[in-house]
Trainee: 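Quick one: structure below, then a few questions.
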Amino acid sequence: MDSIHITSIMLDSITPLILTFNEAPNIGRTLEQLRWARDIVVVDSFSNDETVEIAHSFPRVRVFQRKFDKHEAQWNFGLGETGIATEWVLALDADYVLTPEFVDELRMLQPSSKTTGYQARFTYCIAGRRLRSGVYPPATVLYRKAGAAYSQDGHTHRLLLTGDVEAMSARILHDDRKPLSCWFESQQRYMTLEAQKLLALDANDLSSADRIRQMRVIAPLAVLFYCLIVRGGVLDGWAGFYYAFQRMLAELLLSLYLIEHDFNAATEPRIRRERSTSSDELAVSGKQQ
C-alpha cells in the first residue's frame, strides 16, 4: 500500500505542458496517453485547424492561446502564466507520445532533493513505424517548476535548470503525422534560424556537429551516410530512407542558407563601391550643370 501511495503522489505532482500550432493529426494521440494527469496545459499559437477542439474534448485539459513569437517566450508563458500548481512539469511537443513503459517509470520515480530534472531519449517514428536510425537528441522533459526557465537556442529552445538531471530508461515516441508540406515549411524556418545561430557563434563555441555544418558541403552527405549506414536505416526499409532523405534535405537547406550568406558577404563591398561611384558621378554631374 505504501508503494502504491508513493507512486500515486508522484503522478499527481506532474502537470504536462504542451505547445501546439495546427497539430490536429498529433494532439489526440499525445493527450490519450496523458489521461493519468489531473491537469494538462496546452499553449496554442492560434491554430486554424481542429487542434483546440480536439484538446477540449479531453478532460482536465486547459487551453491557453498566445501569438507565437519565439519558443523561449512561449514556453516561459506556459510555465509562468497558466496557473500550473504542481511541483513538476512534463514539457512535451504535440508529437511526443508517451509509452506505457514511460508512464510506469514516471509512476515509480522517487527523486532526491538534489534532483531537479529528468532527461528522456526518443524513438523516432515514421507513420507510426519505430526507427532504429533516428538521431533525435535527448531532452530534459520532466523538471521541477521552481527555478526553471527557457532561453532561445537557434530554431528551438534550451531549458535552464540548476541541480542534478537524471536519465530515464524508458523512451518517448516522436511520431509526427502532419503532411510533408508542413515539414518543408517548418524546416525552411528552422534552418534560417540555425544559419543565423551558426554565423553568430565564435569558432571556439561550435560543437563538433556544428563544425561539420560550417563546412557547407559535407554535412548533407555525412548525415545521409550516418542515418542509412551507421545507424542502420537501410534495415528500416522505405521508412528509413524517407527519414534519412529528410535529414539530408534539412542539412542541405542549412548549407544553402550559409552559402547564400557567403555570396552576400562577398558581393556587398562591390555593391557599396558601385553605389559610391554612382553617387560621385551624380555629384560631379550636378556641379557641371
Side-chain angles (χ1 to χ4, degrees), residues 19-23 26 43 45 67-78 91-96 119-122 124-126 131 133-141 149-160 172 174-176 178-228 230-231 233 242-268:
L19 301 192
T20 60
F21 177 68
N22 289 349
E23 293 286 350
N26 296 319
V43 178
S45 303
K67 184 178 180 180
F68 183 86
D69 45 11
K70 295 188 297 185
H71 282 95
E72 167 192 9
Q74 207 77 345
W75 283 109
N76 285 329
F77 172 84
L92 301 173
D93 287 356
D95 51 13
Y96 289 0
Q119 186 180 79
R121 295 176 297 162
F122 295 84
Y124 205 94
C125 302
I126 296 294
L131 303 183
S133 53
V135 294
Y136 201 81
T140 301
V141 295
Y150 285 90
S151 66
Q152 194 69 19
D153 184 19
H155 76 274
T156 182
H157 55 276
R158 177 178 297 175
L159 175 64
L160 305 177
I172 296 174
H174 181 288
D175 191 4
D176 186 4
K178 296 192 296 295
L180 186 60
S181 58
C182 293
W183 183 87
F184 276 114
E185 182 179 346
S186 63
Q187 289 303 312
Q188 287 179 318
R189 186 171 62 253
Y190 293 164
M191 291 306 154
T192 300
L193 295 172
E194 281 298 300
Q196 293 171 357
K197 171 190 169 182
L198 287 178
L199 293 168
L201 283 175
D202 185 88
N204 295 326
D205 296 328
L206 293 173
S207 66
S208 56
D210 285 339
R211 291 179 191 276
I212 294 175
R213 286 172 147 185
Q214 283 275 33
M215 296 178 187
R216 278 45 170 183
V217 177
I218 296 177
L221 298 176
V223 75
L224 180 66
F225 177 82
Y226 183 74
C227 289
L228 287 180
V230 178
R231 296 285 297 176
Y242 183 92
Y243 174 73
F245 291 160
Q246 276 191 329
R247 298 317 324 143
M248 180 183 69
L249 182 54
E251 294 298 331
L252 183 59
L253 279 172
L254 177 59
S255 294
L256 287 171
Y257 285 128
L258 293 174
I259 293 170
E260 180 184 47
H261 170 270
D262 296 342
F263 282 147
N264 292 338
T267 58
E268 184 63 27

Trainee: Applying side chain to side chain contact (heavy atoms under 4.5 Å, CB included), run through Phe122 and Val141 and close with a yes or a no.
Mentor: CA-CA 11 Å; Phe122 295 84; Val141 295; 4.1 Å; yes
Trainee: Quick check for you: to the nearest 0.5 Å, what is the distance between Glu23 atom CD and Cys182 atom SG?
Mentor: 8.5 Å
Trainee: Closest heavy-atom contact between Ala250 and Met191?
Mentor: O-CG, 3.4 Å
Trainee: Under a 4.5 Å cut-off applied to non-hydrogen side-chain atoms, are Gln196 and Thr192 in contact?
Mentor: yes
Trainee: Is there a donor-acceptor contact under 3.5 Å from the side chain of Arg231 to the main chain of Gly134?
Mentor: yes
Trainee: Determine the minimum heavy-atom distance between Ala244 and Cys227, stating which atoms define it.
Mentor: CB-CB, 3.8 Å
Trainee: Measuring from atom CZ of Arg216 to atom CG of Leu258, what distance do you get when rounded to the nearest 0.5 angstrom?
Mentor: 4.5 Å
Trainee: Looking only at the aromatic ring of each residue, does the gap between the centers of Tyr243 and Tyr124 stay below 6.0 angstrom?
Mentor: yes
Trainee: Do Leu19 and Phe77 make a side-chain contact, defined as non-hydrogen atoms from C-beta onward lying under 4.5 Å apart?
Mentor: no
Trainee: Would you say the side-chain atoms of Asn26 and Asp175 include a donor-acceptor pair closer than 3.5 Å?
Mentor: no
Trainee: Between Arg189 and Gln187, do the side chains contain an N or O donor and an N or O acceptor separated by less than 3.5 Å?
Mentor: no
Trainee: In Å and rounded to the nearest 0.5 Å, what is the CG to CG distance from Asn76 to Leu160?
Mentor: 8.5 Å
Trainee: Using a 4.5 Å cut-off on heavy atoms from C-beta on, say whether the side chain of Trp75 contacts that of Gln152.
Mentor: no
Trainee: Evaluate the ring planes of Tyr190 and His71, with Trp represented by its six-membered ring, and classify them as parallel (under 30°), tilted (30 to 60°) or perpendicular (over 60°).
Mentor: tilted
Trainee: Indicate yes or no: at least one non-hydrogen side-chain atom of Leu249 is less than 4.5 angstrom from one of Phe184.
Mentor: yes
Trainee: Just do the side chain to side chain contact (heavy atoms under 4.5 Å, CB included) check on Leu193 and Lys197 with the steps written out, would you?
Mentor: CA-CA 6 Å; Leu193 295 172; Lys197 171 190 169 182; over 6 Å; no
Trainee: If the condition is side-chain hydrogen bond (donor to acceptor under 3.5 Å, both in side chains), which residues does Asn22 pass it with, not counting sequence neighbours?
Mentor: Asn48
Trainee: Using atom types as modelled and distance alone, determine if a side-chain donor or acceptor of Asp93 lies under 3.5 Å from a backbone N or O of Asp95.
Mentor: no
Trainee: If I take atom OG1 from residue Thr267 and atom CG from residue Asp262, how far apart are they, to the nearest 0.5 angstrom?
Mentor: 10.5 Å
Trainee: Return the minimal non-hydrogen interatomic distance between Tyr257 and Gln188, and the atom names on each side.
Mentor: OH-O, 3.6 Å
Trainee: How about Tyr150 and His157: are their ring centres within less than 6.0 Å of each other?
Mentor: yes
Trainee: Excluding sequence neighbours, so at least two apart, what forms side-chain hydrogen bond (donor to acceptor under 3.5 Å, both in side chains) with Ser45?
Mentor: Gln74
Trainee: Test Leu180 against Tyr242 for side chain to side chain contact (heavy atoms under 4.5 Å, CB included), laying out the working first.
Mentor: CA-CA 11 Å; Leu180 186 60; Tyr242 183 92; 3.3 Å; yes
Trainee: Looking at every non-hydrogen atom in both residues, tell me the closest pair between Ala195 and Leu254 and how far apart they are.
Mentor: N-CD1, 3.5 Å
Trainee: Rounded to the nearest 0.5 Å, what separation is found between the CZ atom of Arg213 and the CG atom of Leu198?
Mentor: 6.0 Å
Trainee: Measure across Ala120 and Ile172 and return the closest heavy-atom pair with its distance rounded to 0.1 Å.
Mentor: CB-CD1, 3.9 Å
Trainee: Which distance, rounded to the nearest 0.5 Å, do you find between the NE2 of His174 and the CG of Leu92?
Mentor: 11.5 Å
Trainee: Quick check: closest heavy atoms across Met248 and Pro220, and the distance to 0.1 Å?
Mentor: CG-O, 3.3 Å
Trainee: The criterion is side-chain hydrogen bond (donor to acceptor under 3.5 Å, both in side chains); which residues satisfy it with Glu185, sequence neighbours excluded?
Mentor: none
